[in-house]
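The structure appears below as structure tokens.
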Amino acid sequence: MDVTDTEAERGFRAEARAWLTANVPTDPLPSGDTAEGFRAHLDWERRLFDAGWAVVSWPAAYGGRDASLWEWLIFEEEYYRAGAPQRVTQNGIFLLAPTLFEFGTREQQDTLLPRMAAGQDLWCQGWSEPGAGSDLAAIGSRAVRDEAAGGWRLTGQKTWTTRGAFCTHLFGLFRTDPAAGRHRGLTYFLLDLDSPGVTVRGFDRFDGDEGFAEVFLTDVFVPDSGVLGGVNEGWSVAMATTGSERGLTLRSPGRFLSAADRLVALGREHGGRLTDVVRDRIAGEWMKAQAYQNFTLAQVTDIVEKRSPGARSSLNKVFWSELDISLHETALELLGPAGQWEGPWSRGFQFSLAGPIYAGTNEIQRNIIAERVLGLPRR
Amino acid sequence: MDVTDTEAERGFRAEARAWLTANVPTDPLPSGDTAEGFRAHLDWERRLFDAGWAVVSWPAAYGGRDASLWEWLIFEEEYYRAGAPQRVTQNGIFLLAPTLFEFGTREQQDTLLPRMAAGQDLWCQGWSEPGAGSDLAAIGSRAVRDEAAGGWRLTGQKTWTTRGAFCTHLFGLFRTDPAAGRHRGLTYFLLDLDSPGVTVRGFDRFDGDEGFAEVFLTDVFVPDSGVLGGVNEGWSVAMATTGSERGLTLRSPGRFLSAADRLVALGREHGGRLTDVVRDRIAGEWMKAQAYQNFTLAQVTDIVEKRSPGARSSLNKVFWSELDISLHETALELLGPAGQWEGPWSRGFQFSLAGPIYAGTNEIQRNIIAERVLGLPRR
Amino acid sequence: MRFAPTTEQLDLRDVVRALWEDRCPPAVIRAAATDPADPSILALYRDFAELGAAGLLIDERAGGLGLDENYLVPVLIEVGRAGVPLPITETIAVAAGIAGAVGLDADLAAGNLRVACDLQVSVPAARAHSADVLLAGGWGGRGEITVLYLAGAQLEAVEAMDPAADLCRIQGAAVLHRVADPVLVEQAWNRGVLGAAAELVGLSRRMLDLTVAYVAERRQFGVPIGSFQAVKHQLASALIAVEFAAPTVARAGAALAAGDEDAGIHACTAKALASDAARQVARAAIQCHGAIAYTTEYDLHLFAKRAWFLAAAWGSAAWHRDRIAGALGLPSSGRGPTQ
Amino acid sequence: MRFAPTTEQLDLRDVVRALWEDRCPPAVIRAAATDPADPSILALYRDFAELGAAGLLIDERAGGLGLDENYLVPVLIEVGRAGVPLPITETIAVAAGIAGAVGLDADLAAGNLRVACDLQVSVPAARAHSADVLLAGGWGGRGEITVLYLAGAQLEAVEAMDPAADLCRIQGAAVLHRVADPVLVEQAWNRGVLGAAAELVGLSRRMLDLTVAYVAERRQFGVPIGSFQAVKHQLASALIAVEFAAPTVARAGAALAAGDEDAGIHACTAKALASDAARQVARAAIQCHGAIAYTTEYDLHLFAKRAWFLAAAWGSAAWHRDRIAGALGLPSSGRGPTQ
């Protein structure tokens, strides 16, 4: 066990902290899930990119710093500690990019990754459909071969597309072989939302922001260069991305350590009315955030030493999503009726409720844990 | 809404309270789930019977008082408030007797009920088998027709038979038509444990008491008078009893009101070290006991007015069994390390853990609630 | 002993339920979120008052129905079920006794007066835009209650999670009366607590109904998602919470109606259980719906947000447990919850 | 940065695990419940000491291994997994530093000394019958620790839920030494807390293993009961609790080994999470087993009762949360838990 930064890591941490301290906007930006807020966040993303902090773990050639996983964790910790803005580009950077690195052609990587890092192409995710949510393999949107044009014609509907109304590109699964079984016959496509035949309709999320979109596609042409991985191999390609989403990349411990610290600060700030009951809960939430960090450090060690976490990343997903809710519930309990007013904790509470639903519901995650980690029998 | 006793009910309550005050042993009896304790409890049961309090809701002819359901609730409330001993005859009185009243012949009723009320015949339940616990319909013990002798030959094994080592008689289900489906071909038998071919082996429960028994049957003869309800109709006959077990009869609100009051008293007694956290939990437990009473009063009203609670009795079972655990957990939390010592709260805690398991596991009860109360689809 | 509503109580409930089903679909809640003083919202109150329900607790001599809390509970459960964006608990329950003391009872019974409450005299009042009168003070059933006219007052909106909460800080309202009678102040508080508890039961049932309907119809993996045990058990647990809170709310209503000494204890118990039940139901309902719960186009969020709001109002569950613990003689550090 | 045991730590763990698998089956726990001073129990300790593990934390000059808490944690997890009915945490963890200060370190490292603890000086000590020395005082890492000889003392048994707890009130033990060095007293406490947490992780894993094996094999309704979602989800949740407690225990071990300033905070966190996890696992394990869990013939109860006992010892989860809250600067009423 060695839980201290190396000298190089200390230097990396100091550099990140110094830059963030100097550059993080002092006033919070408007929500990145509104048209206006999205623009403000994009400006921030571009500043991050210009200073080399947008994609620290990527190769320098694509705008990164070749940072190790440990350095990435350090950056995330500092990022959240500094109260820096949410990453509105995260669906591209954290979900699509790992897949591009693993399955993309060199040409796809060279073309798409630098533009993604720079915030020029803004990617949203096209997994869910009205009839395919938890049951992703039920996807019905179709892609039909257009041999003459050297590509595919896409038709169907995607929904729950986070920030879809503000993005420029979409990645998602489409059915290329309707005769094949549920998981087979799907292909992973990359497409420009400006293509003819695409209509995007934004709609409001729980907390009032226009955070979702429906994407309607009618005979949308995508050239062969827009296929990621093999034709009819979309399921396994997508599962690699989903693995990233469920695993480390989306939810770094820094986020929860910083949220727990804010909860503790809230408790101190309202110390005059802090009951022992809420105090006990705050301590419990703080401990869970520590546990999440410790679990993640162990998991990163495994990844670094080539022991794949596999289905254990489902433990991660369930834990952080439930921690996020209980942490916010505790804050609302402390605030009393004022917890019901518009504010960072009430917004955070609403947002947290989505955690056990997206990226594979916690019910599905618990099935995975039971079957693949504990080895319980399937039905 | 009228939640006050009528004048007659007030009189009944006063009479019960006076008798219990004068007669409940001041020192607690040894556990009724040991051989010695069982005898002590039987003495108590016989005193109850002699004074007419053993089976208040039964006809006077069988040793009861023809009490209404409301009076029965009043008696139970007073019984627990007085700290009177557990009823070691309860499996007969509360589980078999309702079935005898509904399905028994006049002769069975006249023969068996008075002896049961008087504590002369001591009945244990023979439902579970090693391979048939939650899945009661998987019963494999067989009864084969012995036409010549005018009865049946029973062979098989029953288990988890509460207080089986101390009882004189067993009621249970046996398979009379092996060719019929799971729920069909079962018959409800009544038999004397002294019959040739019966072996009873007591075994220890969690809390160290010899509370369970295995009953082995080899070619045990039971005459036709030992069949309750029709041959091959055991399932529906048994389900009526199970309904009683899951419903009102076993768990009267008096038991939980009295346990909640004892918990409150414990909190006051340990007031010097009572934290606000435990205080909050005690109040919560006390409230749940009130809720259980209120729910039961509504349910009794429904029964009195001929609106069957049906599957709603499963709500009852889940609620009291989980209340019983959380109530005891709260007491152990208050007591700290001393909660781990042998004592009424640690014994009660261990006992409470069986609640969500027996009389239909809470998993099965929640299935019933979801499917039959909420109307969710079966698989 | 009889623990069930009477036929008259059931009839009243059915009439009120039918009114809301007809006149208060979710679109009305959405309209209130946009403009809480929308004429259609006020018209809705007139329809309700025409049933006589505005004066439910008011003496017949003042034009009321002269009924008691046994009737109030089923009516307010229906208010909760429909998510009615009007201060009905405040008007027909909290204000009824106070109105009698200050000569406003006939107006209130006639449906000409709607009331908002600011019992902590610092907290924004809910639904002030659709109220004519404000009751200030009386938190916990103690102190005095000031009756103020809202005409001419300045209302400063406070944005809330519940889009139909219509929270306002109020300044410049004219003081009309002060009521210091401890019996009336305590009664007003207990009725508010009871009313919030009843609304929470109704809200819980509405959320459960929506969820049961959704999971029975929504298919994934080739079956309705309601056939999965994980969904079944979450909803069964949620139902248990509601079905044990509901008779406790009824019991509190009966205790208040009978003037029982421990009526306040029953009201505390009812509010604590109904608040916790509603929060549990909201959580299960959102989780079992999945992503659609998370959109504003679907109705569930309207009821969930109202439930969270009411669970935190009129004393949180923890506040009521603290009060009960005190009544049970359990010693406290003295740092109990304040709201 | 590297957050994983070293090869040496894993090797030590494997050796200890193999020892218990061979020598400490559940029958040994049952034997200890009947006679805690049974010679076979003491022989078991000699086998353990022969591995050198008795002196794990003791200086090599005194015949110990001179290792640190990074090695202690995996060893004590195995002690928990096997439910070893010996005061191992007390002897090899709590007493190690104290023994050095009073010249008992060589005896302890040689396996000639077993230690029981009564840190509150009023609470019965666990496993006193198999101990030679008692440490009294030092609760919470404060005050002084008295070292007493148990030879000739009167032991009055206190019956406990855990049949192998061997709880005793002790009188007439001869005082041998007093240790007031605050560093040693705090270290002894932190190591006890860490040790209990590690044992709880091992107990949790054992209970989970038993349950997973049972539900995979037990059939009802024509299928293994482990194929029901309700069983799967209970066990998945239980696993999550353990798998997030375990690295936190490892982190506390590392912090103590490194002498970190906040090592005590990590130890508190570890004990709180491990206690809550073990209680959750015990509950899920019993429920998923059904009736068989409820018999003493089956083994599960041995581990569940040990887990409940340890969860309540060395500071309950609530005690440690209170301490953490204090360290985080959260104001308190001052009426925190005392144990």
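Numbers restart at 1 for each chain; the letters A, B, ... are given by sequence-line order, proteins then strands.
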Could you check, using the six-membered ring where one of them is a Trp, whether [X] and [Y] have ring centers closer than 6.0 angstrom?
X      : Y      : value
D/Y298 : D/H289 : yes
B/W160 : B/W127 : no
B/W123 : B/F94  : no
D/W139 : D/W314 : no

Just give me the residue among [options] that pairs up with chain D most often, heavy atom to heavy atom, under 4.5 Å.
options                        : value
B/S128, B/G131, B/G211         : B/G131
B/E329, B/R366, B/R201         : B/R201
B/N367, B/V277, B/I325, B/V278 : B/I325
B/P356, B/G272, B/G339         : B/P356
B/L353, B/T159, B/D276         : B/L353

Between D/D322 and D/S332, a side-chain donor and acceptor under 3.5 Å: no
Any side-chain donor-acceptor pair under 3.5 Å between B/D209 and B/T34?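 Checked: B/D209/B/T34 side chains show no N/O donor-acceptor pair below 3.5 Å.
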So, are [X] and [Y] salt-bridged, with charged N and O less than 4.0 Å apart?
X      : Y      : value
D/R279 : B/E333 : yes
D/R206 : D/D299 : no
B/R184 : B/D177 : no
B/E322 : B/K288 : no
B/D135 : D/R218 : no

Residue, of D/H301, D/Q120, D/R219, D/E297, that accumulates the most heavy atom pairs under 4.5 Å with chain B: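 Max contact count across the listed options: D/E297.
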Who among D/V123, D/T296, D/L167 has the most heavy-atom pairs with chain B under 4.5 Å? D/T296
Contact part of [X] toward chain B, heavy-atom cut-off under 4.5 Å: side chain, backbone, both or neither?
X      : value
D/A317 : neither
D/I225 : neither
D/I286 : both
D/T295 : both

Chain D contact via [X] - which portion, at a heavy-atom distance below 4.5 Å:
X      : value
B/R347 : neither
B/L332 : side chain
B/A137 : neither
B/A354 : both

Which atom names give the shortest non-hydrogen contact between B/L173 and B/G234, and what distance separates them? CD2-O, 3.5 Å
Residues of residues 228-240 of chain D contacting chain B, heavy-atom criterion under 4.5 Å, by residue number: D/A230, D/Q234
Determine, for B/W286 and B/R281, whether the Lys NZ or Arg CZ falls below 6.0 Å from the six-membered ring centre while staying within 45 degrees of the axis. no
